[in-house]
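Both counts, for ligands and for their atoms, begin at 1 and track the order of listing.
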Amino acid sequence: MKTNIKNICCIGAGYVGGPTMSVIADKCPDISVNVVDKNSERIALWNHSNLDLLPIYEPGLDEIISRCRGKNLTFSTKIREKISSADMVFISVNTPTKTKGIGAGQASDLKWVEACARDVAKFSIGHTIVVEKSTLPVKTAEVIKKILEASQITKNFQIEKSFDVLSNPEFLAEGTAIKDLEKPDRVLIGGEKNDAILALHNIYSKWVPKEKILHTNIWSSELAKLTSNAFLAQRISSINSIGAICEATGADVREVARAIGSDSRIGSKFLDAGPGFGGSCFKKDILNLVYLSKYFGLDEVASFWEGVVKLNHWHQKRISILVVEKLFGSVSNKKIGILGFSFKANTNDTRESAAISICKDLIEEGAILYIHDPKVEENQISKDLGLNSINLNRKNKAKNKIQNSGDWFFASNIDEIFPEADAILILTEWKEYTNFDWEKISTKMRRPAWIFDARSILDPKELENTNLNLWRIGDGFNT
Ligand code: UDX
Ligand code: ADP
């Protein structure tokens, strides 16, 4: 088997497939990298001449696309053609949590992965190495292998169509995807056959130091991905739980985090208390672990990990309840400015964003939200909230009547959110939210006015000469 790959096909042009393949194409000019997707609108955006319209916002991605696209990097819907010519196929499609049937609410829905495996089985020619890139439940490689093996063709005792399956989980974080891909902490390759592992190793070794490319068995690789995300999410639930104790006791979670983080065994990263973790991976991966543990009868293990997700959910509710309580027990018809809707800064992704549940709660309580985000578009927020924004006419009407349930307004201009607002709630740590003139803002808001900083981006000193009330996450002093 050849270990020198010349032609790659990646199925799935999403948050993982797009950036990963762009970096491989950039680092390996001698490899033809072809990204395919069944969604023609998404592909059209990947091919758009205006790089501001790429379907994914990642710092540095546009530069790579302009260097490689049309040379050794293509985006198309030609699934059959690109699989046929590939030596290596990456499966990089979405695996959301099942909403119905067996394992609903916990197990991942593998129907798209299965569809890809069937396409590879049908269209591939000769020997193909299939790489699982999507985050998958442990033992998914077995499903892929079974589908592929069923289509293996032997003629005159010669194998004409054959496969190897590798697990190569992605550890990139949104917003820093290009940096994470260019300088990874490690690359994990799980597999059974040395030649197949070497083929993928040779690609990464073009830019990743060899000692950072780890080889494991396929199940360890799949489980390591879930475990990494579970450990990271667990740290966030841990620090958020301590934040609640800080607020109750007069301690400050930033000081506690600094103190524990300087213990080298604990480390200082991923200790920022916030509005609760979001993103497409953490909750889904933990729920996969929970499902797996229950399947193997490990109920205590399952409830241990389930606790991390439960705490996150409780914590988001805690913030909405707290806002209502501070505003005299009612937010009905009150204007609240929401700063940030994405699940973290530097991404337009809103999947599982804490902002979704907090905004829904406040709307339910009757608040009129003015939502701003530098990258998230109005129609995405409408989809997430299950409610269209109010237009100006409805806004004026809304002002004139006491409403039972609230509404929201898309603030394309950030200055719209301050006048007459009762509160501002900071939910995403965008850099542009760190340089406000709070003295000026305080003159515009309705008094008594509150600033709720769920991301610790404000320095309380900045508000000292204003009559604004400040609540900061995990700050027992300002509570
Ligand atoms: C995560 C993993 O980091 C990455 O390795 C994996 O491949 C995919 O899942 P991502 O979801 O992009 O990446 O974001 P991440 O930076 O991990 O943040 C996840 C959530 O935790 C965000 O909502 C973020 O705001 C929150 N967070 C993170 C905190 O609240 N506090 C912290 O200290 C760090
Ligand atoms: P991720 O965060 O895992 O990258 P995304 O939802 O951003 O997930 O992207 C997954 C992409 O995979 C989507 O663009 C979707 O259209 C594509 N996709 C899903 N199933 C298939 C399939 N069978 N063939 C081709 N593309 C697929």
[atom] - nearest protein heavy atom and its distance:
atom	value
atom 27 (C) of ligand 2	Val93 CG1, 3.6 Å
atom 27 (N) of ligand 1	Ile236 CD1, 3.4 Å
atom 24 (N) of ligand 2	Ile11 CG2, 3.6 Å
atom 14 (O) of ligand 1	Lys344 NZ, 3.0 Å
atom 6 (O) of ligand 2	Asn94 CB, 3.6 Å
atom 5 (O) of ligand 1	Phe171 O, 2.9 Å
atom 11 (O) of ligand 1	Phe343 CE1, 3.5 Å
atom 32 (C) of ligand 1	Asp272 O, 3.6 Å
atom 2 (C) of ligand 1	Asn229 OD1, 3.5 Å
atom 12 (O) of ligand 1	Glu174 N, 2.6 Å
atom 13 (C) of ligand 2	Arg42 NH1, 3.2 Å

His127 and Asp164: side chain donor to acceptor below 3.5 Å:
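The answer is yes; a qualifying pair exists.
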Do any heavy atoms of Arg455 fall under 4.0 Å from ligand 1?
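Flag set, Arg455 near ligand 1.
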Taking the non-hydrogen atoms of Lys225, is any one of them nearer than 4.0 angstrom to ligand 1?
yes
Which atoms of ligand 1 sit under 4.0 Å from any heavy atom of [X]?
X	value
Glu170	7 (O)
Ala173	3 (O), 12 (O), 13 (O)
Cys281	8 (C), 9 (O)

Does a side-chain heavy-atom distance below 4.5 Å link [X] with [Y]?
X	Y	value
Asp26	Arg67	yes
Pro275	Ile358	yes
Asp87	Ile129	no
Lys284	Ser280	no

Below 3.5 Å, N or O to N or O, backbone or side chain included: is there any such pair between [X] and ligand 1?
X	result
Ala273	no
Phe282	no
Ser280	no
Gly278	yes

Is the closest basic N to carboxylate O distance between [X] and [Y] below 4.0 Å?
X	Y	result
Asp285	Lys225	no
Glu247	Arg318	yes
Lys317	Asp361	yes
Glu364	Lys360	no
Asp252	Arg472	yes
Glu211	Arg186	no

[X] side chain to [Y] main-chain N or O, any donor-acceptor pair under 3.5 Å?
X	Y	value
Ser262	Ala259	yes
Asp453	Arg455	yes
Asn72	Cys28	yes
Ser220	Thr216	no

With heavy atoms and a 4.0 Å threshold, my read on which part of Asn240 contacts ligand 1 is neither
Can you tell which part of Thr176 has a heavy atom less than 4.0 Å from ligand 1: side chain, backbone, both or neither?
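None of Thr176 does.
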Please state which option from Thr95, Val16, Asp37 has its nearest heavy atom closest to atom 17 (C) of ligand 2.
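Comparing heavy atoms across Thr95, Val16, Asp37, the nearest one to atom 17 (C) of ligand 2 lies in Asp37.
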Answer yes or no for Lys375 and Tyr57: cation-pi contact, defined as NZ/CZ to six-membered ring centre under 6.0 Å and angle to ring axis within 45°.
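Yes, a cation-pi geometry.
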Does Arg69 make a cation-pi contact with Phe75, if we ask for NZ or CZ under 6.0 Å from the ring centre and within 45° of the axis?
no
[X] heavy atoms, cut-off 4.0 Å: which ligand 2 atoms fall inside?
X	result
Ile79	24 (N), 25 (C)
Arg351	2 (O)
Gly14	4 (O), 5 (P), 7 (O), 9 (O)
Trp112	19 (C), 20 (N)

Considering distance alone, does some N or O of [X] sit under 3.5 Å from an N or O of ligand 2?
X	answer
Asn39	no
Ser280	no
Tyr15	yes

For a ring-ring contact (aromatic ring centres under 6.0 Å, His included) with His372, tell me which candidate from Trp430, Trp408, Phe410, Tyr433 qualifies.
Tyr433
Just to be sure I read this right, does ligand 2 sit under 4.0 Å from the backbone of Lys38, its side chain, both, or neither, counting only heavy atoms?
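The answer is both.
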